[in-house]
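Notes follow once the structure below has been shown.
The chains referred to below are lettered A, B, ... by the order of the sequence lines, with proteins before strands, and numbering in each begins at 1.
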Amino acid sequence: MSLANLRTHYTSQINPEELGDQKVTVAGWVHEVRDLGGICFVVLRDREGRAQITLVKKKTDPELLEKARKLVRESVVSITGTVKPEAKAPNGYELIPDEINLINESASPLPMDTTGKVEAELDTRLDSRFIDLRRERTTAIFRIRHEVLRAVRNFLTDNGFIETSSPKVVATATEGGTSLFPITYFDREAFLNQSPQLFKQILMSGGLDRVFEIGPIFRAEEHDTRRHLNEATSIDIEASFCDHFDVMEILEEMVTYIYEQIIEKSSDSLAALGVELKVPALPFKRVTYDEAIEIVNANTDEMLNWGDDLGTAAEHTIGEHVFKETGESHYFIIDWPTEIKPFYAMPYEDNPILSKGFDMMHRTMELSSGAQRIHIPELLVSRIESQGLDPEGFEFYLKAFRYGMPPHAGWGIGCERLVMTMLGVENIRDVVLFPRDRRRLSP
RNA sequence: GUCCGAAUAGUGUAGAGGCCUAUCAUGGAGCCCUGUCGAGGCUCCGACCCGGGUUCGAAUCCCGGUUCGGGCGCCA
């Protein structure tokens, strides 16, 4: 038996002028039942919206009316009825039912409210994500995330990038720095990959020229903040015959394109979230590392020395400073000391204590980091060594540099941070369906 | 990891040693109600995180634990 007869239309597809007096079947969840005595309203919710089913006591089969009154909220139903244009009804129509098919009754009470009357805490919502997703606000976030990723794919594809995938199970640490999750790979130890970095660089040696990847990254850091996850989604690119400034332009253009696309395609979701988006102005301000240090030292009690990394407080100070000056949330920090950037960041030829690494910042947090990469094998080996790492562990990677590696550059941007900063969401877990953090491993 | 804070019906909350037989909202059960759209009215149901301690008496104070939230660190 086909289930196609359970639904002919989404609620949003019912146009009362076109479908007036016609029979339709809608399927979804019982959002609410409002029984006024002589008249009873059932609100059915599907992914696209809601429909009001109206049963007038005097005109309805008593059995059907009783069935409607007894519906348990959040049960799955399929309802067939006649579309009746009605100015008093939400969306300008209501459905006069012939048949109410109770497909799966919900248990009661619900783990949380779905109507927006009583807020639930994030932890409660994540424990019952399936119910949380039945709330308009939550769905809106994930609809927008989908459009963000679609915009990324469109933009990068249109700019000559090929979508690739790199392994998530790897033999060795990719970059040093962060801790990795060890796993068992048959009889060997392996790790979950922290970044596609080394693999996308190898693809440059392979001549793919411009690649991108959207995929999971794993970090075993025991961080405990509103903007960190142990499993995140990274959007990465790598491009040959480019320097860091070239890929910074690609990055800022991509970000503005995404904002434009979300405004165009997701106005309903933005409205549900109460967010009014402003497209960032191009080009993003370039702040040098030296200027960043000065801003922090001039505006706070903190005294940073040249060579120090920028902490959370420093990032906020610089972000607020740039925002005051430009009215923009996005900016770059460039010309970082080589020593505090990863080994693969290219030092400036004429001043090797500075690197061609950059960070792309939002007022509130770091969104992306990138660099022109070292393409010269000898230099790469000496940088690996000077960061206290063993080049032998990187042989699979270094090999690709000895047989014709073009100069190249790239970046990675955190998908969740991009979405949360765009929507003004305060906790990164809000923009992940099933977040993995220091404590949460289920659901 | 560390510092600060919190934990009360399914959900969100009030509560400052006896006023607690624990507040309110939402929810659930039931009744009334013909235009609701956070419907309204009435009745009922449902909770003090765990373990010690102080006290005549603890939801309330103290100690330990657990869990959650926030800041910082680590990191992107």
Side-chain angles (χ1 to χ4, degrees), chain A residues 31-45 49-60 65 69-70 72-74 84 86-92 94 106-128 131-132 135-136 174-180 194-195 197 217-236 302 309-316 340-342 357 359-362 365-370 411-418 420-421 426-429 437-440:
Chain A
H31 188 70
E32 275 184 302
V33 178
R34 274 194 283 272
D35 182 6
L36 277 66
I39 189 167
C40 177
F41 302 103
V42 174
V43 180
L44 176 141
R45 187 190 67 247
R50 293 178 206 161
Q52 175 167 290
I53 322 300
T54 304
L55 301 94
V56 178
K57 190 178 182 182
K58 286 182 183 163
K59 301 181 189 166
T60 307
L65 182 64
R69 283 175 167 163
K70 288 275 156 64
V72 176
R73 294 193 330 151
E74 296 304 321
K84 182 182 153 206
E86 172 57 70
K88 282 182 279 188
N91 308 320
E94 57 194 15
S106 171
S108 179
L110 296 165
M112 54 180 278
D113 169 60
T114 54
T115 62
K117 286 178 206 162
V118 182
E119 273 304 312
E121 288 187 1
L122 182 57
D123 198 54
T124 306
R125 292 168 44 212
L126 291 176
D127 282 340
S128 300
I131 290 284
D132 183 40
R135 302 188 322 144
E136 203 177 4
T174 41
E175 302 175 33
T178 196
S179 336
L180 301 174
Q194 67 177 94
S195 146
Q197 180 64 31
I217 56 170
F218 302 90
R219 309 275 163 105
E221 298 294 335
E222 297 191 351
H223 33 50
D224 193 7
T225 77
R226 291 184 300 177
R227 58 185 190 285
H228 289 281
L229 292 165
N230 293 293
E231 178 178 8
T233 308
S234 180
I235 301 164
D236 271 82
E302 199 174 0
D309 209 344
L310 305 175
T312 309
E315 280 180 3
H316 289 160
I340 57 173
K341 278 287 158 190
D359 283 358
M360 199 270 280
M361 310 293 295
H362 181 266
M365 74 189 78
E366 179 181 339
L367 288 185
S368 167
S369 64
W411 42 253
I413 179 167
C415 173
E416 289 81 14
R417 287 190 175 186
L418 179 62
M420 76 185 284
T421 52
E426 301 213 316
N427 194 315
I428 199 165
R429 294 158 183 83
D437 62 35
R438 176 74 189 81
R439 297 187 203 89
R440 184 174 285 277

Regarding A:Thr114 and A:Glu74, is there a side-chain donor-to-acceptor distance under 3.5 Å anywhere?
yes
Nearest non-hydrogen partners of A:Arg219 and A:Ser195, listed with the distance:
NH2-CB, 4.0 Å
Regarding A:Arg226 and A:Asp437, does a basic nitrogen lie under 4.0 Å from an acidic carboxylate oxygen?
no
Step through the shown structure and confirm whether more than 12 heavy atoms of other residues, nucleotides or ligands are within 6.0 Å of CD on A:Glu136.
no
Under 3.5 Å, which N/O atoms of the protein pair with N/O atoms of nucleotides 66-72 of chain B?
{"from": "B:C68", "atom 1": "OP2", "to": "A:Arg439", "atom 2": "NE", "distance (Å)": "3.3"}
{"from": "B:G70", "atom 1": "OP1", "to": "A:Asn427", "atom 2": "ND2", "distance (Å)": "3.2"}
{"from": "B:G71", "atom 1": "OP1", "to": "A:Arg226", "atom 2": "NE", "distance (Å)": "2.8"}
{"from": "B:G71", "atom 1": "OP1", "to": "A:Arg226", "atom 2": "NH2", "distance (Å)": "2.4"}
{"from": "B:G71", "atom 1": "OP2", "to": "A:Arg226", "atom 2": "NE", "distance (Å)": "3.3"}
{"from": "B:C72", "atom 1": "N4", "to": "A:Asp224", "atom 2": "O", "distance (Å)": "3.1"}

Nearest 0.5 angstrom please: A:Glu221 CD to A:Asp224 CG, how far?
12.5 Å
Tell me whether the side-chain N or O atoms of A:Glu221 pair up with the base of B:G1 as donor and acceptor below 3.5 Å, since no angle test is needed here.
no
For nucleotides 23-32 of chain B, give me one character per nucleotide, 5' to 3': B if any protein heavy atom sits under 4.0 Å from the base, S if the only such contacts are to the sugar-phosphate, - if neither.
---SSS----
Output one line per pair: protein atom, nucleotide atom from nucleotides 3-5 of chain B, and distance, for all N/O pairs under 3.5 Å.
none

Over all strands shown, is A:Glu222 touching base, sugar-phosphate only, or nothing at heavy-atom distances under 4.0 angstrom?
base
Is A:Lys70 salt-bridged to A:Asp35, going by a charged N under 4.0 Å from an acidic O?
no
Whom does B:U2 pair with, Watson-Crick or G-U wobble, provided both distances fall under 3.5 Å?
B:G71
Taking NZ from A:Lys84 and C1' from B:G35, how many angstroms apart are they, rounded to a whole number?
10 Å
Considering just the side-chain nitrogens and oxygens of A:Arg125, establish if one lies under 4.0 Å of OP1 or OP2 belonging to B:U11.
no
Could you check whether any side-chain heavy atom of A:Thr124 comes within less than 4.5 Å of a side-chain heavy atom of A:Pro111, counting everything from C-beta outward?
no
Whole angstroms only, please: what is the CD-P distance between A:Glu94 and B:U36?
12 Å
Categorize A:Gly311 for me: base, sugar-phosphate, or nothing, with a 4.0 angstrom heavy-atom threshold over every strand shown.
sugar-phosphate
Once you apply a heavy-atom cut-off of 4.0 Å, does A:Lys58 come out as touching a base, just sugar-phosphate, or nothing?
base
Name the nucleic acid region contacted by A:Leu229, choosing base, sugar-phosphate or nothing; use a 4.0 angstrom heavy-atom cut-off, strictly under.
base
Between A:Arg135 and A:Glu119, is the salt bridge (charged side-chain N to carboxylate O under 4.0 Å, His left out) condition met? List the steps.
CA-CA 11 Å; A:Arg135 302 188 322 144; A:Glu119 273 304 312; 3.5 Å; yes
Students often get this wrong, so: under 4.0 angstrom with heavy atoms, is A:Pro90 touching a base, only sugar-phosphate, or nothing?
base
